[in-house]
Amino acid sequence: MTPIAVTPEPAVPPSATQSLSSVTTSYDDTLRFYLNGTRVVIDNIDPEVTLLEYLRGIGLTGTKLGCAEGGCGACTVVVSQWNPTTKKIYHASVNACLAPLVSVDGKHVITIEGIGNTQRPHPTQERIAKSNGSQCGFCTPGIVMSLYALLRNDSSPSEHAVEEAFDGNLCRCTGYRPILDAAQTFSAERQCGNAKVNGGGGCCMENGNGDSEGYCKGNSFKDAQPIKKFTPPGFIEYNPDTELIFPPALKKHDFRPLAFGNKRKRWYRPVTMKQLLEIKSVYPSAKIIGGSTETQIEIKFKAMQYTASVFVGDIPELRQFSFNDDHLEIGGNVILTDLESTALKAIEHYGPVRGQVFQAIHKQLKYFAGRQIRNVGTPAGNLATASPISDLNPVFVASNAILIAKSLDEETEIPMAQFFKGYRSTALPPDAIIASIRIPVTSANGEYFQAYKQSKRKDDDIAIVNAALRIKLNDLDHTVESADLVYGGMAPTTVAAKKASAYLVGKKLTNPATLEGTMNALEQDFDLRFGVPGGMATYRKSLALGFFYRYYHEVLSKLEVNAADVDEEVISEIQRMISIGKEDKDATIAYQQNILGKANPHVAALKQTCGEAQYTDDIPVQKNELYGCLVLSTKARAKITSVDYSPAMDLPGVVEWLDHTDMPNPEANWWGAPVCDETFFAVNEVFTTGQPIGVILASSAAQASAGARAVKVDYEELPAIFTIEEAIEKESFFEHYRYIHKGDLDKAFNKSDHVFTGVTRMGGQEHFYLETQACVAIPKLEDGEMEIFASTQNPTETQTYVAQVCNVAANKVVAKVKRLGGGFGGKETRSVQLTGICALAAKKTGRPVRCMLNRDEDMITSGQRHPFLAHWKVGVNKDGKLQALDADIFCNAGWSQDLSAAVCDRALSHIDGCYLIPNVHVRGRLAKTNTMSNTAFRGFGGPQGIFIAESYMEEIADRLDIPVERLREINFYKPNEETHFNQSLKDWHVPIMYQQVQEETSYSERREAVKKFNATHKWKKRGLAITPTKFGISFTALFLNQAGALVHIYHDGSVLVAHGGTEMGQGLHTKMTMIAAEALGVPLSDVFISETATNTVANTSSTAASASSDLNGYAIFNACAQLNARLAPYRETLGADASMKKLASAAYFDRVNLSANGFYKTPDIGYTWGPNTGQMFFYFTQGVSAAEVELDTLTGDWTCLRADIKMDIGRSINPSIDYGQIEGAFVQGMGLFTTEESLWFRGGPMKGQLATRGPGAYKIPGFRDIPQEFNVSMLKGVQWENLQTIQRSRGVGEPPLFMGSVVFFAIRDALKAARKQYGVQAEVGSDAKDDGLLRLESPATPERIRTSCADPILKRALVKPQEGEKSFFISI
């Protein structure tokens, strides 16, 4: 995208460049490194290329581009090197998307292709594949490489090390549990043959007599015989001795100073401090780069130009450390991973008391970014960027560290308290570098040091607020001699709380008045206004106060004071255990067939773990190919006054500009489903940021991006609407209006004992599929034909609109999909926009055109899950029986309708939850706003509707003062009762599962334990919840409920299947091959699905609505039935055991057709809106989940202690696939309701733009966010008498997503306990609007959790808006 037009200019005058040339005349210009064991020498180096671009450019496409900011881990590779700090070889997992190519000189780069392949996989690759740890597979190579790096550095890592090895990796599909299970097979505990998990009597660690080495070498084995490492059955044995060796030549590598580049950019790589200082002396503005973790983001997303960059990662002098009597001195360029281990050594060296500051450093580093960033990031880089939310900088300031700055002429000592001058500015002289940092040890007597951090997500997240707090006390009377209270996230720089620190000095710490006075002073230090940049004023202020409160009592606990004066319980922070989980492996035994019902890995899993699976952007570059880059609107609503693309056309490599005038006719510019109300290119006016205005075509992706930035667009801004509330106020709606009406509401409300009203609000959710929208369009020479390779869930709609923009019939367009790197609904319609533009570009130029969106481009163009707002009124009797529901629901559609109407309709049909309500009137409207057009997302309105239902159930239970668990039971549907849309519930098992889950999880006993815990804990609260779901399966648009399939049997007995569904990680192809293999009686290995294409199966429905297995499975079964009928005579002749090869050969020579076209359409369905007649859904997938959480109410931090899920998915076709779908959907749903929050800028230069773009700002759950205990089972022991699906299975992709909401409701349960202890609770029997009823909006972020509490600290931190003042961000 193009946030601004930038004209590249030299950073310095030519004279400086000449001086630099003279200093670096003798520098070498050749890179030498090893790649997967092979020596590589490059002397023609593009200075702007990253390691990832280089690897993918030479065909090693297993390494993926997921975000380009080092936040997702998809690009992880291993760089092995001699570490000058530790004097050992270290195998570093790094983000190839950030690593400059210069950084690998003299090192060994190992990619996913280098460790194994599908014929000879590495044990890491095989175990993750066989353990179902890969679904869409796009993130998998990066995850494998993180595990590989761990094992290369420690072949027997601890369980804890394994658990934390993936803190720099994200996965959107699996829910992480199977990946962790696979990885833990390598841990020391699990590898021991004596371990209980492996059937032994217990390893030394389990029996409590392991040695300090951490695994089974200990004193329980007197004969000193080594214990054989245990390899789980079916897995390749892991033997560290067979790994790629560190090339011997690199041990003797001569690190020469390097200089290379072109007139736009030059790289320098000095190898001594003197060389570096010489460069800085003649060229002070040269950009110093250590890990490139910040710089590459500036280049990629902010279009920053650095004429001269100096890589300093290979200067040994900057990577040393030394223990001195009163301080530890660390080189400025010690990598953060080494700083972690150095801090532990320092604690050991100085002892725990004098080493308190190093304990604080280690604590902060534990949650500092991900391992890949810590493997390259440095303290000097952290200091020089002067981030106001740096986790290390407050520690350096509070400890009174001294920064040693060196230039060619002098060495300067800069106290850290004087280093930060303003936002992103420091006291470092222009010609100096940060050579080292001297960190004073903590005093042996009376000094106390601690550090804290709170972020949206525990691992790999930037701080909201952090702090380093130090106090020095007089030993005799505990008077404060000095104090440094230093905070990040409270000001434009790392800042000391000066008034609070000054107040403390001379005060007796043990006097309670000291705490109160300090808190008052902190309020003055951090008197934030409501609209403070970064938002969250109340939350940030409460964290500043809360951190000190926690610190104060921690210090008191170490002094000899009255125990009653110490708030002991506030001291500890939320900690996680090693996560565990189990699946019911026996759930399908009763109905297993030869193939169906049995657990089989994803058919492409091993290809994905080995990096051999091909995604759209992995398709080899075509001859004469062009790259596209969209020019996107930067205004939420505006008239376009002018577009000047001429500056772009003057840039090297730029070939063409396209906009709406290049369409064959004005009508061809319009697209949309089902309403054609959106344009491919804006015409005269833009209605949202991120709306395409045009596209630049160039010879490379980088040139296209530069060209797009150079296009100048002028606007005349117009008023914009963002929120549903604004849309209601201004009556901005689309025409669509639907309702469901059943019964007599007026009568029901009049007869009800109570009538309660409420408002439920739920935010949206970004899809965050790891593979962004991508397309390759290849024009053919004849008849206007076009071949499209797209990452889409909807090949047919892709074909339709490509034909439209190319002005040809659909039969001239072939849309092909091999696989998607995740979809979740985000590629059902929104993929069409990019594909249509690429196809038009290919048509106009006659050349292939490729485009893969950057993560930020994808997030601002592709739409999200719809935010919802509901105003509801419920009638209920004293006994808890619901009588009536009246509700108006609104969804934020964005600027065009897309699929919003169908999403809203499904929400209306699910607003009953699992509860019988005799009288219902619900109405749905689509709010028209100026955000991106919101679209399909897993659940498609269902989760929003059910969330409204569970929200009113929770609030009614509070109003009636009865347990919500009981309220649910009272109102559950019974078998064959009818919903509010008059559909009978057949095979209804929610009440059974509700009881089973409570019994299997000891729910009532845990409820009592939670009550006792909450009664004895002031700051920690636990919550428990159990939530049911029912999810209707079928497209609500009747015509979409159809599918076709094509099955070929070849001479050799192999079978080729084609169907209309796309594989996006959900295991659809795996299930379809199983159905075909079972039906034809052939081995699963003999059945193959190549791709989804419109020239093999035509007129397909999108792969969505959890109906793809039902539809395509029956179509395949139908085709196989035809083939079986044709082969029946040959089976009789050749015998029942005859191979398919013999059968096919005999049939072929008798001229029997061995191809069959199958078809299926869902029977019985067809609902009519308004009259409320007909059957809406074919059936309902059902489930129940329970969860327990623990909150730290002082900070809003939380963890899910346990979650249990039971799903009724009928007779599972493949339990491995289905468990993967359940776990992945649950964690995705947990993210929806907790961590994932979308925010827009209210003002400033990015007014109206999405602020939470990319993994740095938008937080999906990570490995360490999943439930600590995560158990999943399927309903068994029942009959599905009315289920008429293939294998009697139920759709499973979407229904479990709402199960993640149980974590939200458990959080709400804990918050009720937190509020109750301060007398804040709902008024029983009342419909009051201003009582203590907890009205918790989704998502329950740490900020919302904290600000929902009612303790005195929060009240004193409350920041109220002044008249006319608004928040910094808009929450939509």
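All values reported here derive from a predicted model rather than from experimental measurement. FYI, the numbering just counts along the sequence from 1.
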Q. Are the aromatic rings of H910 and F940 close, with centres under 6.0 Å apart?
A. no

Q: Answer yes or no: is there an ion pair linking E69 with R855, defined by an N-O contact shorter than 4.0 Å?
A: no

Q: With rounding to the nearest 0.5 Å, note down the distance linking SG in C97 to NZ in K64.
A: 14.5 Å

Q.
To the nearest 0.5 Å, what is the distance between NZ on K1259 and CG on D461?
A. 3.5 Å

Q | NZ/NE/NH1/NH2 to OD/OE distance under 4.0 Å, D1218 and K1071 | A | yes

Q. Should Q372 and T76 be marked as a side chain to side chain donor-acceptor pair (under 3.5 Å) after you check the CA-CA gap, both sets of side-chain angles, and the distance that decides it?
A. CA-CA 8 Å; Q372 293 91 321; T76 302; 2.9 Å; yes

Q: Measure the shortest side-chain to side-chain distance between T798 and I788 over non-hydrogen atoms and say whether it is less than 4.5 angstrom.
A: yes

Q | N-O pairing of D167 and K458 below 4.0 Å | A | no

Q: Assess R177 against F1263: is NZ or CZ under 6.0 Å from the centre of the six-membered ring, and within 45 degrees of the ring's axis?
A: no

Q | Check: F947 ring centre within less than 6.0 Å of F1305 ring centre | A | yes

**Q.** Close side-chain approach of S134 and T609, heavy atoms under 4.5 Å
**A.** yes

Q. With a 3.5 Å cut-off and no angle check, do the side chains of S900 and H866 form a donor-acceptor pair?
A. yes

Q) Can you tell which of T792, N794, T935 makes a side chain to side chain donor-acceptor pair (under 3.5 Å) with T829? A) T935

Q: Report yes if some heavy atom in the side chain of D858 is under 4.5 Å from a heavy atom in the side chain of E766; otherwise report no.
A: yes

Q. If we only count heavy atoms from C-beta on, is the L1239 to I1370 side-chain gap below 4.5 Å?
A. no

Q: Using the salt bridge (charged side-chain N to carboxylate O under 4.0 Å, His left out) rule, take R56 and D618 through it: C-alpha gap first, then chi angles, then the decisive distance, then the call.
A: CA-CA 8 Å; R56 293 184 62 80; D618 298 337; 2.7 Å; yes

Q. Are H602 and H1069 close enough that their ring centers fall under 6.0 Å?
A. no

(Q) If the condition is side chain to side chain contact (heavy atoms under 4.5 Å, CB included), which residues does L908 pass it with, not counting sequence neighbours? (A) R738, I740, I889, V922, W1169

Q) Does the side chain of T1341 come within less than 4.5 Å of R457's, by heavy atoms? A) no

Q.
Looking only at the aromatic ring of each residue, does the gap between the centers of F1369 and F1241 stay below 6.0 angstrom?
A. yes

Q | Donor + acceptor pair across side chains of S1102, E828 (<3.5 Å) | A | yes

Q.
I'd like to know whether the aromatic ring centres of F680 and W671 sit less than 6.0 Å apart in this structure.
A. yes

Q | SB check R172 E1236 (cutoff 4.0 Å) | A | yes

(Q) In the structure I gave you, are the side-chain heavy atoms of K827 and E771 within less than 4.5 Å of one another anywhere? (A) yes

Q: Verify whether one side chain among Q864 and S1238 offers a donor that lies under 3.5 Å from an acceptor in the other.
A: yes

Q. Quick one: do the Q691 and S633 side chains pair a donor with an acceptor below 3.5 Å?
A. no

**Q.** Whether H767 and Y769 hold their rings parallel, tilted or perpendicular, with breakpoints at 30° and 60°
**A.** parallel

Q: Determine whether R938 and Q1228 make a side-chain contact, defined as any pair of heavy atoms from C-beta on separated by less than 4.5 Å.
A: yes

Q.
Assess whether a salt bridge exists between D898 and R830, defined as any Lys/Arg side-chain N lying under 4.0 Å from an Asp/Glu carboxylate O.
A. yes

**Q.** Point-to-point distance, once rounded to the nearest 0.5 Å, from CD1 of I860 to OG1 of T688
**A.** 8.5 Å

Q: Applying side chain to side chain donor-acceptor pair (under 3.5 Å) between T1100 and each of N1112, T796, T1092, report the one that passes.
A: T796

Q | Nearest-0.5 Å distance, OG of residue S862 to CG of residue L834 | A | 10.5 Å

Q: Let me know which of Y1219, F1233, F1270, Y176 forms a ring pair (Phe, Tyr, Trp, His ring centres under 6.0 Å) with F1226.
A: F1270

Q: To the nearest 0.5 angstrom, please state how far the OG atom of S1371 sits from the CD atom of E1343.
A: 9.0 Å

Q | Nearest-0.5 Å distance, CH2 of residue W1240 to OG1 of residue T1252 | A | 6.0 Å

Q | Side chain to side chain, Y615 and L820, heavy atoms closer than 4.5 Å | A | no

